[in-house]
Amino acid sequence: MDRREFIKTSAGAFFIASAGKVFGAAAPSNRVRLAIVGCHRKGRGITVMRAALKVPGVEIAWVCDVDDRALEFAAAEVYATTGVKPRKEKDLRKVLEDKELDGIISETPDHFHAYSAVIAMQMGKAVYVEKPCCFCPAEGQILMRVAKETGMVLQVGSQRRASISYRSAFDWMKKTGAIGEMRYAKAWYHSNRKSIGEGKKTAVPAWLDWDLWQACAPREDFRDNIVHYNWHWFRKWGTSEMGNNAPHFIDAARWALGIDTFPESVQCAGGEFYPKGGDFEWPDVFNSSFRYPDGKIITFDLTCHGRSRALFDVQTGALIYGEKGSLFLGPADNAQVLDEKGKVVREWTAGGIEKTETISLTDPTGRLDVAHLTKFVDCIRAKDPKTYADADVGVKSSVLPLLANIATDCGETLHVDPKTGDCLSKAGADKWAREYEKGWELL
C-alpha cells in the first residue's frame, strides 16, 4: 500500500479488551498501550521491551516484527510477564490502525527509524525511536517538522539523558563553577568487530518477510549475511559504527556543553585502516570534529576493527575540558570531576549517588532504559512533547555522525546552516537525502 494512501484511508481499527492484568498499573485509567516494533531476541528491541514492561501502567498491546520467530518469542514473553496476550503483526502500518494504541517503540534497522516515526506521528501515535533517529540529514529535518506539526510525543533512545548522575554533575558544576567554562569535548568509541564474510544470494528463509524488512529502502536480493545484525555495515540499511554508537556520547557532550544548534562545519578523517575482509562497506576508523558558531568543538574518535587501551580504560565515554579541570562521563552511568592535575575531586555513580563508598553497578544501562521509558510514558499521559530527548535534541545529535560519514566520503569540510541544518556545501549535497523504494517515499 502506498504510504500516502495509507495515511488517507486508514479507517479500520482494532480494539483489544485486556482481560488480564496490566503490569504495574495503579489503575485501568492509567494504562498506556504500546506496540514494540522490532523485537528479535538478539536485538535491542527485546531489551527495550523488557524495560518498558517495568514501567507502571504500560501494556504491550502489539508485537510487530517481520520475523515470525521474533513475533512468537516476544508475544510469549509479554504474556508470561503480564498475563496479557499481545496481538502479533508483521506490518507496522496495520498496527497503526488501532485507534486505542497510544504509541510505538521503534527498534528497527536504521533505514526504517525516521519512516516509522513519521507515519506513526501522522496517525496520532507517540513515538519512542532508537538512535540514530534518521538515516540522512534530510530525514532529520522531516522528523523535526512532523513532530512540530503534529505535536506528538517523541523521544529518541538516547537513554543517558535520563541519567541522574550526569544531571547531578551538571547542576553541581553550574552552581560551583568548579572547572570554569567548558568549550571543548572529546568523545570516543572503540570496538573490535569481526569480519561479516561475503554474503551469498540465497532463498529468503520461510520465517522472514524480506520485502517488509527492506520497507522504504530500494529492493535488493536476499543474502545470508545481512539479517539480523550485519545490516549495520551495509550502506543501504546501516549508518556505520558512527551511526551505531557515536550518538550516545556525542549527545552527552552536546548536553554538557549546552549546545542547542547544528554545527557550522564538520571535518572527518577516516578510512579502512584495519580491514577484516568481507562485505563491510563502511570505513572502520573515523576522527571527526564538529565546530559550532560560538567556537565550541566536539571531537569523536572511533575505531571499528582495532580496540586498544582507551581513555579512562573504557570502550566509550566523553571528556569535557574546562578552564580549571575536566568532567568525565562514563558508560556505567557515572560522572567524575577532575582538577587540573587529573585528580578526582567529586564523583557520582548510578542513580546520582555521590560516591563515598564502593557501589555495585550490575545493570547501569538497564536502569537508564527504564528511567528513559518512564519519562516517555509520563509525557504520553500528560500530552507533553518535551521528553528527555525530543525531536530537536534527538535529531541534532543523530545527524552529527551522519555528517561525519558524508565528510569522510567527500574528503572535504562540510559547511552547515547551524539554525536549520541545511547543507551549505556542494560537497556532500548529493548525500544529504536518500533514495526510497517507489510507494514508500516520505514527504
Side-chain angles (χ1 to χ4, degrees), residues 32-55 58-75 77-78 81 86-93 95-96 101-121 125-135 139 143 153-162 208-209 212-217 226-232 237-239 243-245 247-248 365-366 368-377 380 387-389 394 398:
V32 172
R33 299 176 75 252
L34 301 176
I36 179 78
V37 186
C39 43
H40 192 269
R41 72 182 70 187
K42 293 184 179 180
R44 175 80 175 140
I46 204 72
T47 300
V48 175
M49 185 189 81
R50 288 166 178 162
L53 288 171
K54 295 178 181 178
V55 179
V58 165
E59 176 189 336
I60 301 298
W62 292 83
V63 291
C64 180
D65 201 290
V66 298
D67 184 333
D68 290 333
R69 305 168 305 171
L71 280 178
E72 296 301 324
F73 179 82
E77 181 155 325
V78 171
T81 304
R87 297 195 68 163
K88 296 174 286 187
E89 176 54 55
K90 293 183 179 181
D91 192 334
L92 170 61
R93 296 170 296 183
V95 174
L96 294 175
L101 186 69
D102 294 301
I104 71 166
I105 297 173
S106 181
E107 297 292 330
T108 67
D110 291 359
H111 71 276
F112 198 53
H113 284 172
Y115 192 96
S116 63
V118 166
I119 66 171
M121 286 190 291
K125 314 302 182 187
V127 174
Y128 182 104
V129 60
E130 196 55 77
K131 52 76 205 162
C133 61
C134 47
F135 193 69
E139 273 195 349
L143 194 63
V153 171
L154 181 140
Q155 180 161 281
V156 177
S158 300
Q159 72 268 24
R160 286 179 176 83
R161 287 274 174 164
L208 177 68
D209 189 322
L212 275 180
W213 187 93
Q214 294 178 92
C216 51
I226 297 171
V227 176
H228 273 297
Y229 189 81
N230 289 338
W231 55 262
H232 280 288
W237 309 297
T239 53
N244 188 31
N245 275 299
H248 288 299
T365 57
L368 288 175
D369 284 339
V370 175
H372 205 46
L373 284 157
T374 298
K375 178 66 172 179
F376 173 61
V377 172
I380 292 175
T387 60
Y388 281 148
S398 290

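These values consider heavy atoms only, across backbone and side chains, with no hydrogens, waters or symmetry-generated copies.
Tested against Val66, the residues Leu212, Val227, Asp91 include a single side-chain contact (heavy atoms from CB on, under 4.5 Å) partner, Leu212.
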### Task
Apply the test side-chain contact (heavy atoms from CB on, under 4.5 Å) to residues Val55 and Phe376: give CA-CA distance (whole Å), side-chain angles for both, the deciding distance (0.1 Å), then the verdict.
CA-CA 10 Å; Val55 179; Phe376 173 61; over 6 Å; no
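A distance-only check finds a donor-acceptor pair linking the side chain of Asp102 to the backbone of Arg33 [under 3.5 Å]. With hydrogens and angles disregarded, a donor-acceptor distance shorter than 3.5 Å links the side chain of His113 to the backbone of Pro132. Of the possible polar contacts, one joining the His111 side chain to the Gln214 backbone as a donor-acceptor pair under 3.5 Å is found. For Ser398 (side chain) and Lys131 (main-chain N/O), no donor-acceptor pair under 3.5 Å exists by modelled atom type.
To the nearest 0.5 angstrom, Lys42 atom NZ is 9.5 Å from His228 atom NE2. Atoms CZ and CG, on Arg50 and Asp369 in that order, are 12.0 Å from each other to the nearest 0.5 Å.
Residues Val32 and Val377 approach most closely at CG2-CG1, 3.8 Å, considering heavy atoms. Closest approach of His372 and Gln155 over heavy atoms only: O-NE2, 2.6 Å. Shortest non-hydrogen contact noted between Ala74 and Val63 is CB-CG1, 3.9 Å. The shortest non-hydrogen separation linking Ile105 to Ala52 is CD1-CB, 4.0 Å. The minimum heavy-atom distance between Asp65 and Ala70, with the atom names listed, is CG-CB, 3.7 Å. Taking both residues in full, the closest heavy atoms of Ile104 and Leu96 are given as CG2-CD2, 3.8 Å, listed atom of the first, atom of the second, then distance.
Side-chain contact between Trp213 and Trp237 is present, with at least one heavy-atom pair separated by less than 4.5 Å. Side-chain contact between His40 and Arg69 is present, with heavy atoms from C-beta onward closer than 4.5 Å. Looking at heavy atoms from C-beta onward, Asp110 lies in side-chain contact with Trp231 at the 4.5 angstrom threshold. Residues Gln159 and Tyr388 have side chains not in contact (no heavy-atom distance under 4.5 Å, counting atoms from C-beta outward). Using a 4.5 Å heavy-atom threshold, the side chains of Leu143 and Cys133 count as touching. Inter-residue side-chain proximity for Glu77 and Arg41 is flagged as unmet; no heavy-atom pair is nearer than 4.5 Å. Side-chain contact between Ile380 and Leu34 is present, with heavy atoms from C-beta onward closer than 4.5 Å.
Using cut-offs of 30° and 60° for the angle between ring planes, the Tyr115 and Phe112 rings count as parallel.
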